[in-house]
Amino acid sequence: METNADEQRFTELYTRHGAAVERYVRRRVVTDEVADVVSDVFLTAWRRLDEIPHAKALPWLYGTARRTLANAHRADRRRSSLVELLASQPWRHTHDHAESQSERMALALAFESLTDSDQEILRLSAWEALSAREAAVVLGCSAATFHVRLHRARSRLRQRLVDLRSAEQNDGSPSPQRTTETSVGRADA
């Protein structure tokens with residue numbers, strides 16, 4: 001249970017070292033990611049406050065920042081690989097190669113615009129081919145909850161595809177009639 005002393009120590013830790021940790025992170029990631037990484041570092045510090053050595057708090061925070069950055073870089077690489085994999089997935093109804101490539105790119109863009117949570121749900125279902133029960137175990141929820149989340153994630157993906165196509169048509173570029181059935185869009189599980 002957190003005490004007032006813990007809160008005071010954490011506040012002092014942040015006040016004393018927050019700017020240094022931010023500078024450390026800023027030199028290693030793009031500006032948009034700095035606040036998230038620094039927040040993760042201090043969240044870890046809060047959770048492990050008792051493990052932080054008083055005399056060596058800054059090096060401990062730098063080490064935590066380094067590991068947080070490594071985790072973020074690994075996640076980015078996995079995300080990029082998965083987007084490439086998604087773009088290379090075969091489609092059920094393709095009529096012409098150019099249309100097929102356009103659909104893959106649209107699907108990859110739509111998928112990438114989803115939240116991490118929606119992406120993970122779709123990955124577990126479509127790429128890992130897990131049953132609802134197995135995927136529910138991975139996510140720590142019931143099979144019924146997974147079904148609801150999967151339905152919602154698929155709906156959001158379909159809507160993103162529709163939005164992308166509408167934007168493409170509004171830009172004046174020709175867009176032939178396309179089918180939206182993909183391995184992600186089918187109601188399985």
Side-chain angles (χ1 to χ4, degrees), residues 28-30 32-33 35-37 39-41 43-44 47-48 64-171 173-189:
R28 289 160 175 81
V29 296
V30 296
D32 293 347
E33 298 175 8
D36 290 339
V37 173
S39 295
D40 286 343
V41 169
L43 176 61
T44 301
R47 289 179 177 158
R48 300 177 68 188
T64 302
R66 184 181 58 78
R67 287 184 292 280
T68 301
L69 288 165
N71 289 340
H73 290 306
R74 277 192 300 274
D76 286 344
R77 283 193 305 271
R78 282 192 306 267
R79 189 175 302 112
S80 294
S81 295
L82 288 171
V83 166
E84 289 173 17
L85 177 64
L86 177 62
S88 71
Q89 293 295 312
W91 287 65
R92 301 220 183 267
H93 300 288
T94 55
H95 303 289
D96 128 1
H97 181 70
E99 183 178 314
S100 173
Q101 289 302 103
S102 176
E103 283 293 316
R104 287 181 185 170
M105 289 176 62
L107 182 56
L109 285 171
F111 182 83
E112 202 168 30
S113 73
L114 294 173
T115 64
D116 290 346
S117 175
D118 282 348
Q119 289 179 15
E120 182 63 10
I121 289 164
L122 293 171
R123 285 183 200 115
L124 292 173
S125 176
W127 295 343
E128 303 303 332
L130 295 180
S131 69
R133 198 168 283 160
E134 293 167 329
V137 170
V138 172
L139 296 175
C141 64
S142 69
T145 300
F146 176 78
H147 276 291
V148 170
R149 291 178 183 174
L150 179 61
H151 172 75
R152 290 177 179 164
R154 285 176 175 162
S155 295
R156 284 189 279 269
L157 180 62
R158 281 187 206 102
Q159 186 58 51
R160 296 279 181 4
L161 282 169
V162 168
D163 293 345
L164 283 171
R165 289 183 186 128
S166 295
E168 182 180 82
Q169 288 174 348
N170 290 339
D171 289 343
S173 27
S175 178
Q177 183 65 29
R178 298 181 180 146
T179 179
T180 59
E181 184 177 342
T182 67
S183 60
V184 174
R186 294 173 38 112
D188 53 15

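We count residues from 1, following the sequence as given.
- Interatomic distance, Glu33 CD to Asp36 CG, rounded to the nearest 0.5 Å: 7.5 Å.
- One N or O on the side chain of Ser113 and one on the backbone of Ala110 form a donor-acceptor pair closer than 3.5 Å.
- With sequence neighbours left out, Arg160 forms a salt bridge (charged side-chain N to carboxylate O under 4.0 Å, His left out) with no residue at all.
- Contacts of Arg28 classified as salt bridge (charged side-chain N to carboxylate O under 4.0 Å, His left out), with partners at least two apart in sequence or in another chain: none.
- Legend: residues meeting salt bridge (charged side-chain N to carboxylate O under 4.0 Å, His left out) with Asp76, ordered by chain and number and at least two apart, are Arg79.
- The side chain to side chain contact (heavy atoms under 4.5 Å, CB included) search around Val148 returns Arg152, not counting sequence neighbours.
- Rounded to the nearest 0.5 angstrom, Leu122 CG and Glu128 CD are separated by 12.0 Å.
- We find the CD-CG distance between Gln119 and Leu157 to be 9.5 Å, quoted to the nearest 0.5 Å.
- Here Arg156 contributes atom CZ and Ile121 contributes atom CD1; the two are 7.5 Å apart, rounded to the nearest 0.5 Å.
- In this structure Asn71 satisfies the side chain to side chain donor-acceptor pair (under 3.5 Å) test together with Arg74, sequence neighbours excluded.
- Judged as a side chain to side chain donor-acceptor pair (under 3.5 Å), and not counting sequence neighbours, Arg67 has no contacts.
- Applying the side chain to side chain contact (heavy atoms under 4.5 Å, CB included) test to Arg66 and every residue at least two apart in sequence or in another chain returns Tyr24.
- Across every non-hydrogen atom of Phe146 and Cys141, the tightest pair is N-SG, 3.9 Å.
- Across every non-hydrogen atom of Leu164 and Ala106, the tightest pair is CD1-O, 3.3 Å.
- Applying the side chain to side chain donor-acceptor pair (under 3.5 Å) criterion to Glu134, with sequence neighbours excluded, gives Ser131.
- Considering OG1 of Thr64 and CG of Leu69, their distance stands at 11.0 Å, rounded to 0.5 Å.
- Checked against side chain to side chain contact (heavy atoms under 4.5 Å, CB included), Ala108 has the following partners two or more places apart in sequence or in another chain: Val83, Ala87.
- Listed by chain and residue number, Thr145 satisfy the side chain to side chain donor-acceptor pair (under 3.5 Å) test with Ser142 (two or more places apart in sequence, or in another chain).
- The NE2 atom of His147 sits 12.5 Å away from the NE2 atom of His151 when rounded to the nearest 0.5 Å.
- Contact annotation: the side chain of Leu107 never approaches that of Arg104 to less than 4.5 Å [non-hydrogen atoms, C-beta and beyond].
- Residues passing the side chain to side chain contact (heavy atoms under 4.5 Å, CB included) test with Ser81, sequence neighbours excluded: none.
- Residue pairs meeting the ring-ring contact (aromatic ring centres under 6.0 Å, His included) criterion with at least one partner in residues 100-120, sequence neighbours excluded, are Phe111-Trp127.
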